Amino acid sequence: MAERYPRILVIDDELGIREGCRRVLTPLGYAVEVAENGAEGLRKVREWNPDLVLLDVMMPDITGIDLLEPIHAHDPDIVCIIITGYATVELAVQAVKRGAYDFISKPFSADALILAVHQGLERRRLVLESKRMQALEAQARELARAKEELERLDKMKSAFMLTVAHELRAPVAAIQGYLRLILDGYADPAKQREMLERSDQRASELLALIEDLLALARVKDAAPQDKRVPVPVGDVLKQVADLLQVEAAKKRIAFSVHADANPTVLATRDHIRQLWTNLISNAIRYTPEGGSVSVSLAVRGDKVEGAVEDTGIGISQEDLPHIFDEFYRTRTAKEMVSGGTGLGLPIVKRIVETYGGNIGVESEVGKGSRFTFTLPLYTEPQPEKALDAAGQADAAAS
Ligand code: ADP
């Protein structure tokens, strides 16, 4: 319920003061409550939430000064005005030091009371207003920060869209160029087959790019918690290695796999397959004939560690920080392999990070590269009570 009138609580053991304050303040539109000792006063502070408390400095159960702390613990912005006798001015000064706003000395006139209350309430209004402004300013700063972040993401998204459009346009334009030459009769019939074959090649690259874009976009959506299952990483590695072994053999690359365990991670099988496929196929592609590629899988503590090492072209220190960026391909890689998408490693990074792991790379130009990743090891939760119960049942049966 919204309170329209300022609330004033008078805590004083003298009936005359309590009723006098009530008589003066009520007609001015203040809601007035009274309490005749410290304990009752504190209870009313907590229950009634006054804006201002008129507080007698000397009461039988407690001094007004000792009440200041519990009152302000309840609400630090309650304005406390101490009522004191002539003899205790010093006490009042001490009270002001301990958080009282003001004091008035007995006997006081109605005007003095009204003035003190008025000023006290004005002070509370200002303090609350300034707090409200500070909160609003903090909110505005937070909103501005969020807006900046959104704009930054929006810019990144636009830049990504531009690059995607650019990458998609190139093969389509090439295919259309060949087709037009043939359709307009400019292509020598002997050359037409070659043009169609090149168009076919570019169409395959286009499809690979689209597949990779879809894979990149789907990593997050396809991995909600409820779709994650325990995936045996070693089994998936074996399947991928069997397929890629053929590619390695074509280039006379010595291909080896060392897995001293078949650990499980909580993921989707498709993502673990894609992770191994992208890393191993890169190693084979960027390693010249006669080189070697070795893959290893191990468990270290609560982590699964995978590594793919090759004796290939390597990556320069300048290129290393960028190879996980979308569409980034090094010049030497482009010269060696045409038709890469530059999306394989971004997909790998996104997969590993989605499941709470890390990806790393060390490389030396002309010598080779070593990609490593970690993923959190999944261990089957042990239903301890059920096991105990089963154990006991076994013991009873035997
Ligand atoms: P793509 O292989 O299609 O170009 P990736 O995202 O898989 O795209 O890799 C990005 C770039 O990182 C590659 O173009 C290449 O320059 C570099 N790279 C990736 N793996 C290796 C590797 N094993 N050896 C050398 N360079 C690599």
Side-chain angles (χ1 to χ4, degrees), residues 156 159-160 163-164 166-168 170-171 201-219 237 240-241 243-245 247-248 250-257 270-297 305-354 357-373:
M156 270 175 62
F160 180 70
T163 322
V164 168
H166 184 82
E167 296 284 329
L168 290 174
Q201 170 66 22
R202 298 306 297 263
S204 300
E205 289 168 18
L206 185 61
L207 269 180
L209 182 62
I210 293 170
E211 291 296 338
D212 274 359
L213 278 170
L214 286 174
L216 188 69
R218 280 187 193 142
V219 173
L237 168 60
V240 172
L243 282 176
L244 294 178
Q245 165 74 48
E247 302 299 317
K250 279 187 202 160
K251 289 178 79 178
R252 289 186 298 106
I253 286 174
F255 183 61
S256 61
V257 175
D270 225 28
H271 284 152
I272 300 304
R273 186 187 50 72
Q274 203 156 27
L275 171 62
W276 281 126
T277 305
N278 289 9
L279 289 179
I280 299 173
S281 61
N282 273 357
I284 296 173
R285 279 197 301 165
Y286 298 115
T287 297
E289 295 217 354
S292 67
V293 169
S294 60
V295 184
S296 65
L297 172 66
E305 277 188 11
V308 179
E309 196 165 350
D310 64 56
T311 58
I313 58 171
I315 304 157
S316 72
Q317 291 304 306
E318 297 84 67
D319 284 321
L320 266 183
H322 303 291
I323 57 164
F324 293 100
D325 295 349
E326 286 97 355
F327 303 111
Y328 193 87
R329 303 194 69 211
T330 64
R331 198 174 47 78
T332 33
K334 280 186 201 160
E335 283 165 11
M336 185 173 182
V337 178
S338 68
T341 61
L343 291 174
L345 288 182
I347 292 171
V348 162
K349 183 170 155 68
R350 218 179 263 196
I351 290 173
V352 169
E353 288 178 354
T354 296
N358 279 306
I359 176 95
V361 55
E362 292 162 20
S363 188
E364 205 175 320
V365 174
K367 291 221 163 142
S369 312
R370 178 181 161 83
F371 285 82
T372 48
F373 68 84

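All ligand and atom numbering here is 1-based and tracks the order in the structure. Since we're looking at a predicted model, the values are computed, not measured.
Ion pairing of Arg331 with Glu335 is present here, as a side-chain N (NZ or NE/NH1/NH2) and a carboxylate O approach within less than 4.0 Å.
Residues passing the ring pair (Phe, Tyr, Trp, His ring centres under 6.0 Å) test with Phe373, sequence neighbours excluded: Trp276. Phe160 pairs by the ring pair (Phe, Tyr, Trp, His ring centres under 6.0 Å) definition with Phe327, not counting sequence neighbours.
Contact shell of ligand 1 (protein heavy atoms, cutoff 4.0 Å): Asn282, Ala283, Arg285, Tyr286, Asp310, Ile313, Gly314, Ile315, Ile323, Tyr328, Arg329, Thr330, Ala333, Gly340, Thr341, Gly342, Leu343, Gly344, Leu345, Pro346, Ser369, Phe371.
Distance CG/Leu275 to CD1/Ile280: 9.0 Å, rounded to 0.5 Å.
Within the structure, salt bridge (charged side-chain N to carboxylate O under 4.0 Å, His left out) pairs that include any residue of residues 313-328 comprise Glu326-Arg350 (at least two apart or interchain).
Taking all atoms of both residues into account, the shortest heavy-atom contact from Asp310 to Val293 is CB-CG2, 3.9 Å.
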